[in-house]
Each structure stands twice: as structure tokens, then as C-alpha cells.
Amino acid sequence: MAKEKTKTEVVEEVKETPKKKTSKKSKKLYNPDAVVVLDKSNRPKDSKEDNIHKHELKNSFITKKVLSGVLSSIEKMKIGNDESISTAIVDYHGFRVIIPLSEMNIITGDDNSAMKQNKIMNNMIGCEIDFVVNGYTDEEDFVVASRKQAMHKKIKEFYIDKSADTGLPVITEGTVAEARIVAVAETVLRVEVFGAECFVRVLDIDHEWMANARDKYTVGDKLLVRLSKVEITDEGITIAVESKSLKEADKGKCIRTGKYLGTITSVVNGTYFLRLNAGVNAIAHTTDSEYPLPKKKDKVAFVCTRFDEEAHVAIGIITRIVNAAK
């Protein structure tokens with residue numbers, strides 16, 4: 001029969017027994033894959049979904065498949081032994097994709113100066129762009145890509161290659177397509193339609209006159225457009241688009257001697273162009289308002305003297321400034 005250990009002997013034995021080391025790193029307080037996230041791009045790097053996106057980046061590097069991501073920032077950095085250059089940083093599901101300015105395919109005119117290209121690229125922050133991966137380092141998840149190659153590939157696919165069914169390219173003059181808004185100014189938008197870019201006046205997009213396109217459109221929005229011009233030459237592709245034909249015209253009307261509140265959208269050679277709250281565009285050649293004269297973005301009182309049914313525009317006089325623009 002085994003001798004029963006005394007209390008003192010048990011305590012000494014416990015002291016001498018080595019404690020098992022626990023690794024803090026191995027302890028998980030929650031399952032990362034089970035977290036309900038607002039933005040899936042914020043999911044931890046070891047998730048299954050991120051492994052899929054990593055594979056997509058590698059696949060683009062090998063096959064030159066076109067991927068899309070959001071231009072999230074502009075940074076200056078060194079790539080290889082080159083000097084520090086401007087680069088666009090694209091967020092692809094949490095992975096940083098670096099696109100040098102020279103590979104952004106920003107056409108500014110005859111000079112194509114880096115300063116103008118930088119300015120346009122800065123205005124593109126927040127828009128979705130296409131890219132093809134040109135360099136990939138697995139250890140650091142360092143990805144370098146080209147928007148230029150992606151755009152050229154899309155132009156070939158949608159504007160040049162002919163469909164076996166119709167014998168025509170997918171996009172021709174008259175085609176209705178979805179466009180990305182890549183930059184917004186007061187009176188024009190810069191849009192990209194499957195690899196081809198162009199500027200479009202707000203007057204060609206909406207029946208509604210507006211003082212500032214930024215009040216309605218933002219970078220990153222998608223816009224339905226009709227291709228009014230598609231011209232392909234040895235120098236490249238030229239397109240023009242419009243949207244007014246895809247939208248219903250204004251249905252509102254103004255009656256003679258009626259008084260309306262409106263906003264001045266522009267002033268040209270003393271003529272005032274307005275958008276009335278009644279949902280009608282208006283023109284005033286004169287103003288009864290005392291000094292200072294009304295200016296762009298002012299809210300004014302307008303009296304209709306006649307209504308042009310053909311142009312669907314109210315003609316009248318500005319009587320006073322209701323609220324001056326700041």
C-alpha cells in the first residue's frame with residue numbers, strides 16, 4: 001500500500017513541477033472571419049477573403065487581367081533606383097496598389113505637363129479606376145500596376161474588336177453605356193467610358209441649369225451616357241458623350257406676371273441665367289435690383305414676362321436679391 005503524502009510534501013511537489021508556458025499570440029479573443037464589418041476591405045490579412053484577393057493580384061500579374069479599385073491617396077515615393085515620383089495609391093480590398101503618374105494615362109493636351117497631370121490626378125481621389133498588375137512582391141505584398149495598360153486593353157475589347165453576332169464593336173456611336181465620373185469642376189465633368197476619357201459639359205448632361213456641378217455630382221459616381229462620337233485613329237481614340245437624351249425634359253411652367261424664387265447659375269455679358277425653384281430654367285436680360293448687382297449663386301426674385309414653349313425657358317426680370325451668395 002502506497003504511503004500517503006503529507007501536506008508539506010504535496011506543496012513542495014507542486015512548486016517543483018514546471019509550469020506550462022502559454023503563448024499570448026495563440027490566444028484568440030474572437031474569430032476574425034465571423035466579424036460583421038462595414039467595409040470588407042478592412043478584414044484582417046489572414047482571412048480567407050484576403051487570400052482570394054491576393055491570388056487575384058498575382059493572377060493579374062501573370063495573365064494581365066484587368067482589376068478595379070478606388071484611388072485613395074497620392075504619394076511621392078521611390079520605385080527601384082529611380083528618383084522620387086508621384087504615385088496613385090489604389091485600395092484593392094485592403095491591399096495598396098501603386099500606380100506611377102506616367103502609368104495613369106492622364107492626357108492634358110499637347111504639352112502633357114506633369115504639373116497638369118498631377119492636378120487632375122489629385123482631383124481623381126475617390127474614383128474607381130482599372131489597373132493591370134506589372135510587379136508583385138509576395139513577401140511585402142508590394143504591388144505596382146498600370147492604369148494605361150488596363151485602359152488600352154478595354155478600348156481594344158469594347159471599341160475595336162468586333163462581335164461575332166453583330167460584326168460591330170460593343171460600343172459605337174449611339175451606344176448607351178455606364179461611365180465613371182473621375183473629376184468634377186463647376187461646369188464640366190471628366191468621365192471614363194470603358195477605357196476612353198473625355199470632358200462633358202453639365203449643359204449636355206442635365207436639362208437643369210446649375211451654378212456648380214459639384215452640388216449634384218461627385219467623383220466616384222456612375223453616370224449613364226450616350227456616345228455621340230467615337231473616332232479611332234492611329235493617334236488614339238476620341239469620344240464625346242451626352243445624357244440629356246436619356247432624361248425627361250422639365251415639365252414645369254411659369255405664367256406671365258408670376259413671381260418665382262430662383263438661383264443665378266451664370267452671368268454672361270449682362271444676361272442672367274437662372275434655375276427657378278419651380279423646376280424651370282429662366283433668362284433675365286435686365287434687373288430692377290439696386291446696387292450691388294446680382295451675381296452667380298445669388299438667390300433672387302424673378303418675374304416672368306413670357307414663357308418660351310419651344311425652348312421651355314421662362315423670360316423675365318430679376319426684381320431683387322433674396323439671399324446673396326457668400
Side-chain angles (χ1 to χ4, degrees), residues 108-110 116 119-120 123 179 181-191 193 197-219 221 223-229 238-326:
T108 61
D110 295 334
K116 288 183 180 178
K119 186 176 180 180
I120 292 174
N123 292 333
I181 298 176
V182 296
V184 183
E186 276 200 353
T187 58
V188 296
L189 307 180
R190 188 182 181 103
V191 298
V193 189
E197 281 190 350
C198 71
F199 287 102
V200 55
R201 299 183 308 164
V202 177
L203 290 173
D204 295 324
I205 296 175
D206 272 290
H207 297 282
E208 170 190 351
W209 293 346
M210 58 188 75
N212 191 344
R214 297 186 185 96
D215 294 336
K216 185 172 182 178
Y217 299 100
T218 58
V219 171
D221 287 348
L223 179 70
L224 207 62
V225 299
R226 189 190 300 277
L227 277 290
S228 56
K229 175 184 177 182
T238 302
I239 66 168
V241 302
E242 58 85 20
S243 286
K244 286 175 77 171
S245 65
L246 305 175
K247 300 175 181 178
E248 288 188 3
D250 291 334
K251 294 182 178 179
K253 285 191 177 183
C254 295
I255 61 173
R256 190 172 178 273
T257 70
K259 299 177 178 65
Y260 303 92
L261 179 67
T263 303
I264 297 176
T265 60
S266 63
V267 183
V268 182
N269 297 326
T271 300
Y272 298 90
F273 297 85
L274 304 89
R275 179 66 181 181
L276 304 182
N277 285 21
V280 177
N281 296 326
I283 297 175
H285 295 286
T286 57
T287 174
D288 290 342
S289 175
E290 297 179 356
Y291 185 83
L293 292 174
K295 61 184 182 299
K296 185 176 179 179
K297 299 183 182 180
D298 282 355
K299 290 190 180 300
V300 296
F302 171 86
V303 175
C304 177
T305 56
R306 70 182 180 89
F307 187 78
D308 187 331
E309 294 280 357
E310 187 176 344
H312 204 87
V313 173
I315 311 297
I317 301 169
I318 294 173
T319 57
R320 66 186 178 90
I321 299 173
V322 176
N323 190 358
K326 294 180 180 179

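Only heavy atoms go into these numbers, but all of them, side chains included; no hydrogens, no water, no symmetry mates. A quick note: this is a predicted structure, and the numbers were derived from the prediction, not measured.
Note that CG of Asn323 and CG of Asp298 are 8.0 Å apart. Values are rounded to the nearest 0.5 Å. Within the model, atoms CZ of Phe302 and CD1 of Ile318 stand 8.0 Å from one another, a figure rounded to the nearest 0.5 Å. Summarising the geometry, atom CG belonging to Leu223 is positioned 5.5 Å from atom CD1 belonging to Ile205; distances are rounded to the nearest 0.5 Å. The distance from the NZ atom of Lys247 to the CG atom of Asp206 is 3.5 Å, given to the nearest 0.5 Å. Rounded to the nearest 0.5 angstrom, Thr287 OG1 and Ile264 CD1 are separated by 7.5 Å. The CD1 atom of Ile283 sits 9.0 Å away from the CG atom of Leu274 when rounded to the nearest 0.5 Å.
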For Lys229 and Ile239, what are the C-alpha separation, side-chain angles and deciding distance, and is it a side-chain contact (heavy atoms from CB on, under 4.5 Å)?
CA-CA 5 Å; Lys229 175 184 177 182; Ile239 66 168; 5.9 Å; no

Can Lys297 and Lys326 be said to form a side-chain contact (heavy atoms from CB on, under 4.5 Å), step by step?
CA-CA 9 Å; Lys297 299 183 182 180; Lys326 294 180 180 179; over 6 Å; no

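Gly252 and His312 make their closest contact through O-NE2, 2.7 Å (heavy atoms, listed as atom of the first residue, atom of the second, distance). What you find for Val267 and Lys296 is that their closest heavy atoms are CG2-N, 4.2 Å. Pairing each heavy atom of Pro292 with each of Ile321, the nearest pair is O-CD1, 3.5 Å. Contact detail for Ala240 and Cys198: the closest heavy-atom pair is CA-SG, 4.3 Å. Smallest separation of non-hydrogen atoms from Leu224 and Leu246: O-CD1, 3.7 Å. The shortest heavy-atom contact between Val225 and Ser243 is CG1-OG, 3.5 Å.
For Arg256, the CZ atom is loosely surrounded, since the number of other residues' heavy atoms within 6.0 Å does not exceed 12. Residue-environment remark: NZ (Lys259) stays at or below the threshold of 12 foreign heavy atoms within 6.0 Å. No more than 12 heavy atoms of other residues, nucleotides or ligands shown are found within 6.0 angstrom of NZ on Lys119.
The pair Arg275-Asp250 meets the salt-bridge criterion, with a side-chain N (NZ, NE, NH1 or NH2) lying under 4.0 Å from an Asp/Glu carboxylate O.
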